[in-house]
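For reference, the structure discussed in these notes is given below.
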Amino acid sequence: MKHSIVGISAVFFTGLLMIGCVAACGSANSGSDSPDNDGGLNDATLPYVVSTFPEGDSAGASINRSVSVTFSEEMRPSTINVVTYKLVKGTQLLAGKVTYEGTTATFTPENDLEINTVYTGQMKTSAQDLAGNPLNAEKTWRFTTGSTLAAGPSPVALGTAASFAILSKSGIDTIPGSAITGDIGVSPAAATYLTGFSLAMDASGKYSTSAQVNGKAYSADYSAPTPAKMTTAVGDMEIAYTNAAGRSVPDFTELGSGDISGLTLVPGLYKWGTGLMVASDITLSGGANDVWIFQISGDVTLASGVKMILAGGAAPENIFWQSYGAVVLNTTAHLEGTVLSQTEITLATGATVNGRLLSQTAVTIDQGMVKKPAH
């Protein structure tokens with residue numbers, strides 16, 4: 001028998017993580033910006049914008065969400081402020097604050113956006129990376145709001161880690177034939193820890209390919225700029241994990257005493273001080289811009305054949321499973337969303353994921369499927 005969880009209030013909190021914040025009335029610098037603060041790279045490569053949220057030319061954006069930009073590398077915090085990062089409606093400059101974390105800058109308007117209205121985001125070239133290199137080109141994009149308020153907490157910014165279907169610090173192992181849509185990568189581990197893929201090195205030496213991967217494979221020992229790319233992505237993954245784990249004031253605590261089998265879950269922040277068991281199908285029901293964050297102190301186990309079902313337009317890119325323990329999907333189980341695991345992630349034979357697997361140890365897949373969300 002299925003049960004419904006109802007009556008949620010939207011929660012908007014952000015993790016307290018190395019944030020440089022600039023209000024409309026002034027600025028604040030979080031982090032050293034000395035001329036030598038380039039991480040020892042002394043590079044001359046210009047940073048660029050990897051992605052924006054909402055995406056350019058998109059429609060139906062929620063009126064109560066922030067607007068964010070993700071860069072190709074870590075930026076100098078003092079150059080990410082309301083002078084370099086603006087949100088405009090027509091010719092009106094919106095008041096708000098700018099925060100910076102990992103490789104993601106976020107503009108939070110003072111008030112909700114207007115419904116069915118076109119907005120323009122602007123990131124100026126005076127934004128600099130840690131070596132003092134300016135943004136390669138001014139980034140301007142437009143999006144149109146809808147008429148809805150998004151429910152649940154603000155989404156977890158994944159930074160450059162969002163470009164990976166699977167990202168691991170110590171290794172990714174597959175039993176052929178798995179099917180992965182999106183890039184995979186390991187760091188600081190070397191390519192020898194990408195096992196079972198029969199990798200073919202590209203002539204550039206920057207990436208390899210596999211018949212099991214509809215994308216590229218990267219590792220810390222490939223040719224430049226791949227090592228720096230992987231270091232940044234892993235750093236963003238760790239920041240995202242800490243951000244998700246640090247969200248406070250959960251909407252639901254110890255739901256089902258750690259067993260959510262058969263439940264229908266509305267958007268919100270969920271917290272367990274134990275492991276989490278899913279022994280029968282669950283449904284995540286909400287709108288396309290609603291967000292779910294699950295904080296789990298122990299292991300996460302999906303029984304064989306269990307499915308996660310999305311209803312009402314719920315999107316996998318807005319679902320985050322933050323687990324301190326191991327995450328195990330047993331035979332043919334299916335998970336929706338991004339897994340942020342402190343330890344290993346294991347997909348037994350035929351298990352599938354519509355989302356991302358981001359592990360601070362290893363990932364093992366046995367003839368399984370992982371498909372990175374389009375957004």
Side-chain angles (χ1 to χ4, degrees), residues 1-5 156 158 162 164-168 172-184 212-215 244 255-256 258-267 270 272 275-288 290-296 298-323 325-341 343-359 362-375:
M1 180 177 180
K2 295 191 176 183
H3 307 278
S4 295
I5 310 297
V156 178
L158 300 176
F164 289 88
I166 306 177
L167 181 61
S168 163
I172 304 172
D173 177 60
T174 179
I175 297 177
S178 296
I180 300 165
T181 301
D183 294 341
I184 65 173
Q212 298 177 71
V213 182
N214 183 10
L255 180 66
D259 186 344
I260 58 172
S261 306
L263 297 183
T264 294
L265 308 176
V266 297
Y270 294 73
W272 291 272
L276 188 65
M277 167 60 71
V278 187
S280 60
D281 293 357
I282 63 172
T283 300
L284 280 68
S285 181
D290 296 344
V291 173
W292 292 255
I293 297 177
F294 301 95
Q295 300 172 327
I296 305 114
D299 297 341
V300 178
T301 304
L302 272 66
S304 295
V306 163
K307 301 292 186 291
M308 291 185 182
I309 301 164
L310 302 185
E317 58 264 32
N318 294 328
I319 302 166
F320 304 91
W321 303 88
Q322 174 266 312
S323 174
V327 177
V328 178
L329 277 65
N330 285 293
T331 306
T332 69
H334 176 74
L335 180 143
E336 295 277 348
T338 293
V339 177
L340 291 158
S341 179
T343 53
E344 67 269 21
I345 303 172
T346 302
L347 273 61
T349 307
T352 59
V353 174
N354 188 19
R356 303 176 180 86
L357 302 179
L358 308 180
S359 170
V363 176
T364 300
I365 306 174
D366 182 353
Q367 303 173 68
M369 183 276 289
V370 180
K371 182 178 181 182
K372 185 177 76 71
H375 305 291

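These numbers were taken from a predicted model, which means no experiment stands behind them.
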Among D281, N354, T352, find the residue that satisfies the side chain to side chain donor-acceptor pair (under 3.5 Å) test when tested with H334.
-> T352
On a heavy-atom basis, the closest approach of E344 and S359 is CA-OG, 4.1 Å
What one should report as the nearest heavy-atom pair of W292 and A314 is CH2-CB, 3.5 Å
Spatial distance of atom CG (L276) from atom CD1 (I296) [nearest 0.5 Å] | 5.0 Å
side-chain contact (heavy atoms from CB on, under 4.5 Å) between I180 and I365: does it pass, once the steps are laid out?
-> CA-CA 10 Å; I180 300 165; I365 306 174; 4.1 Å; yes
May I have the step-by-step check of side-chain contact (heavy atoms from CB on, under 4.5 Å) for V353 and V339, ending in yes or no?
-> CA-CA 9 Å; V353 174; V339 177; 5.6 Å; no
Side-chain donor/acceptor of T343 to backbone N/O of A326, under 3.5 Å | yes
In Å, rounded to the nearest 0.5 Å, how long is the span from CG of L302 to CE of M308?
-> 4.5 Å
Short question: side chain of S323, backbone of G298 - any donor-acceptor pair under 3.5 Å?
-> yes
Could you grab the distance from atom NZ of K372 to atom OG1 of T338, nearest 0.5 Å is fine?
-> 9.5 Å
Mind checking the CH2-CD spacing from W321 to E336? Nearest 0.5 Å is all I need.
-> 10.0 Å
What are the two closest heavy atoms between G287 and D290, and how far apart are they?
-> N-OD2, 2.6 Å
Short side-chain donor-acceptor distance under 3.5 Å, T301 and D299 = no
Identify the two heavy atoms, one from A279 and one from S261, that lie closest to each other, and give their separation to 0.1 Å.
-> N-OG, 2.7 Å
Considering non-hydrogen atoms only, spot the tightest contact between G262 and S280 and give its length.
-> N-OG, 3.1 Å
Search all heavy atoms of A362 against all heavy atoms of S168 and return the closest pair with its distance.
-> CA-OG, 3.6 Å
Between the side chains of D366 and T349, does any donor sit under 3.5 Å from an acceptor?
-> yes
Value for CG (D173) from CG (L347), rounded to nearest 0.5 Å, stands at 12.0 Å
In sequence, state the C-alpha distance, the side-chain angles, and the governing distance for R356 and L158, and then conclude on side-chain contact (heavy atoms from CB on, under 4.5 Å).
-> CA-CA 11 Å; R356 303 176 180 86; L158 300 176; 3.6 Å; yes
More than 12 heavy atoms of other groups within 6.0 Å of K371 NZ = no
Verify, without hydrogens or angle tests, whether N318 (side chain) and A288 (backbone) share a donor-acceptor contact under 3.5 angstrom.
-> yes
Could you tell me whether the side chain of V328 reaches within less than 4.5 Å of the side chain of N330, counting heavy atoms only?
-> yes
So CD1 of I319 and CG of L310: to nearest 0.5 Å the spacing works out to 4.5 Å
Where do F294 and L265 land on the side-chain contact (heavy atoms from CB on, under 4.5 Å) test, with the steps shown first?
-> CA-CA 11 Å; F294 301 95; L265 308 176; 3.8 Å; yes
